[in-house]
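For reference, the structure is listed below as structure tokens.
Each chain gets a letter, A, B and so on, in the order the sequences are listed, and its residues count up from 1.
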There are 2 protein chains.
Amino acid sequence: MDGTGWRPVKRTRTFEDVLAQIERRIAEDGLTAGDRLPAERQLAEQLGVSRSSVREAMRVLETLGVVSSQVGRGPDAGAVLTSRPDSALSDLLRLHLGLAGLEMREVIDTRHMIEQWAAARAAAARADISGLAAALAGMDAAGSAEEFVEHDTAFHCALADASGNRLAAAIMRSLRDSMRRYSVEAVQRLGDTSVLRADHVRILEAVRTGDPDEAARAVSEHLAHAYPSLFAV
Amino acid sequence: MDGTGWRPVKRTRTFEDVLAQIERRIAEDGLTAGDRLPAERQLAEQLGVSRSSVREAMRVLETLGVVSSQVGRGPDAGAVLTSRPDSALSDLLRLHLGLAGLEMREVIDTRHMIEQWAAARAAAARADISGLAAALAGMDAAGSAEEFVEHDTAFHCALADASGNRLAAAIMRSLRDSMRRYSVEAVQRLGDTSVLRADHVRILEAVRTGDPDEAARAVSEHLAHAYPSLFAV
DNA sequence: GATTCGGTATGGTCTGACCATACTGTGGTC
DNA sequence: GACCACAGTATGGTCAGACCATACCGAATC
């Protein structure tokens, strides 16, 4: 506090203004996924800024999974509004893990939280289990650890989807995405996947019979089997 | 499947190459928060691309909360690696809520999940409650709904921090951030905040005495009081 | 009717310039 | 020697203008 009542003027960059304008337009005009934004050159002229600034704003929106840009001409070309938070979340987690701003332990703990909750939710709602069953079959047919993890990821993401909460499911997908390599190593270390298979069947059965508590327990013990070093029940 | 074995060549944009290179450098050189990246012009020359492409890559990294750019000259100028996922997550949620790609109901459900888990964790660990107490005092002194929500947010974020999981805490902060306006309206609708105060005291006590189940229950009932329309226990 | 081919609007990239900012070093002043 | 004023300089931020590849559109052609 310097007592003068002055506070530092926040530096506002041009592309941030552009972002704010676009966000305002989205809110005011009620734009939703599928709608098109004006072309870069047109937007630049309308806002009285250079195309570079518009492009930097577009890059931000694209990074956040809010727009998708297509080159060329026609109805599908240009910047189209989307709603794909998944890859944005994955990038975010991956980079921050790389910067040592996060630890794998925290990621797995968070995953445990979401998955327990999602399993209980899915069981309570007697959610559709066809996705779970398909992923289970995929794991049985897998010929390598990579392939196994691929279907394992599908299983757990299907479980999150079955919770009916798209936000939780998106976070789940990103978590799995950012720990893929780690999971492959864990499966290779484990060697035998029959324990994991039994766990998956148990989770599926709990959802099918509509037993939330059992579903949560099953998830918890499954993670303890898969990541014995990091995970204590 | 066209049977030819061909697959569409993924269009790779220059700035994406730059991103990949920077990410590789971070991993290989073991760069962490606080380290500096080369200047834009220098990076452009080293990678053989234009400064625009480098700038677009920088914009992406900045959006993801991985770098922070400072103008001027000196040790603090230039692009510095950071690890601030919070604002990135907030932007992401806010924009996707605006696009109707997410519903408030899902945000509050997710918040419920995290907070129940965090409260139980904090209680089990007998975490430090000074932050919770300070936020509680702030709420008592608040003169408006906005001010109340400010300290309420601090309380719940402190609870998430007390879980010891930075990822869960970061998600929590972003969730609160993106639902701020909604929370203010909820408090105004409620009028009397004494019920909320009792809930907060109950949560704090549960953490202090180390009772995880009671902490989770207290959080659950608190949310039911705060958002009666959206939340069914 | 089908095909071909030029026109055109789109994003992607590059170059080169200029600005505001904020440190750095130099030289002068007390 | 300590201090201060000022020019130098490296930084990100912005702009203008050009060119490219892409992909659709539509008219001319067969």
Side-chain angles (χ1 to χ4, degrees), chain A residues 6-22 25 31 34-82 84 87, chain B residues 6-22 25 31 34-82 84 87:
Chain A
W6 292 94
R7 51 185 59 230
V9 176
K10 175 134 188 329
R11 176 177 58 133
T12 298
R13 294 174 286 187
T14 306
F15 81 89
E16 290 172 328
D17 281 343
V18 176
L19 273 175
Q21 296 262 2
I22 294 177
R25 281 279 290 275
L31 302 181
D35 294 336
R36 272 184 63 180
L37 251 40
E40 291 178 359
R41 290 171 176 83
Q42 191 180 337
L43 210 44
E45 193 184 3
Q46 284 177 7
L47 300 177
V49 300
S50 74
R51 203 183 144 203
S52 327
S53 296
V54 172
R55 278 186 66 77
E56 295 198 12
M58 288 296 179
R59 207 54 65 227
V60 171
L61 293 175
E62 200 180 303
T63 302
L64 292 173
V66 168
V67 311
S68 160
S69 295
Q70 306 294 329
V71 299
R73 191 181 159 168
D76 290 347
V80 179
L81 288 173
T82 61
R84 330 189 123 275
S87 68
Chain B
W6 292 94
R7 53 184 61 227
V9 176
K10 176 132 190 332
R11 176 176 56 133
T12 299
R13 294 174 287 188
T14 307
F15 82 88
E16 290 173 328
D17 281 343
V18 175
L19 273 176
Q21 296 262 0
I22 294 177
R25 282 279 291 272
L31 302 180
D35 294 335
R36 271 184 65 178
L37 250 40
E40 291 178 358
R41 290 172 176 84
Q42 191 181 337
L43 209 44
E45 194 184 2
Q46 284 177 6
L47 300 177
V49 301
S50 74
R51 202 181 145 206
S52 332
S53 296
V54 172
R55 278 187 65 78
E56 296 198 12
M58 288 298 180
R59 207 53 66 225
V60 171
L61 293 175
E62 198 180 305
T63 302
L64 292 174
V66 168
V67 312
S68 159
S69 295
Q70 306 294 329
V71 299
R73 191 181 161 168
D76 290 347
V80 179
L81 288 174
T82 59
R84 329 189 125 274
S87 68

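Counting non-hydrogen atoms under 4.0 angstrom, Gly74(A) reaches the backbone sugars and phosphates but no base. Ala77(A) comes within 4.0 angstrom of nothing in the nucleic acid, heavy atoms only. Using a 4.0 Å heavy-atom distance criterion, Ser52(B) is classed as a base contact.
Each of dC24(D), dC15(D), dC14(C) was ranked by its minimum atom distance to the side chain of Pro75(A); first place goes to dC24(D). Nearest to the side-chain atoms of Val71(B) among the listed nucleotides dG12(D), dC25(D), dC15(D) stands dG12(D).
In this entry the distance linking CG of Leu37(B) with C1' of dA10(D) reads 16 Å, nearest Å. Glu62(A) places its CD atom 10 Å from the C1' atom of dG11(C), with the value rounded to the nearest Å. Atoms CZ (Arg13(B)) and P (dT10(C)) sit 17 Å apart, rounded to a whole Å. Going from atom CG of Leu43(B) over to atom P of dG12(D) covers 9 Å, rounded to whole Å. One atom, CZ of Arg55(A), and another, C1' of dC15(D), lie 15 Å apart when rounded to the nearest Å. Here the C1' atom of nucleotide dC15(D) and the CD atom of Glu40(A) are 15 Å apart, to the nearest Å. Residue Gln70(B) contributes atom CD, which lies 9 Å from atom P of dG13(D) at whole-angstrom precision. Here dT14(D) presents its C1' atom at 14 Å from CD of Glu56(B), a figure rounded to the nearest Å.
When the nearest nucleotides of DNA chain D are assigned to Arg51(A) and Ala79(B) by heavy-atom distance, the more 5′-ward of the two goes with Ala79(B). Comparing Arg41(A) and Arg73(A) by the nucleotide of DNA chain C that holds the closest heavy atom to each, the one mapping nearer the 5' end is Arg73(A).
In this structure, Arg13(A) and Arg59(B) have side chains that are in contact, with non-hydrogen atoms separated by less than 4.5 Å.
Note that CZ of Arg25(A) is 7.5 Å distant from CG of Leu37(A), once rounded to the nearest 0.5 Å.
In this structure, Gln46(A) places its CD atom where more than 12 heavy-atom neighbours from other residues, nucleotides or ligands lie under 6.0 Å away. Annotation: Arg84(B), atom CZ; neighbour count of heavy atoms from other residues, nucleotides and ligands within 6.0 Å does not exceed 12.
Between Ser69(A) and dG11(C) there is no side-chain polar atom (N or O) within less than 4.0 angstrom of OP1 or OP2. Within the structure, a side-chain polar atom (N or O) of Thr14(B) is placed less than 4.0 Å from OP1 or OP2 of dT13(C).
Ser68(A) and Thr82(A) make their closest contact through CB-CG2, 3.7 Å (heavy atoms, listed as atom of the first residue, atom of the second, distance).
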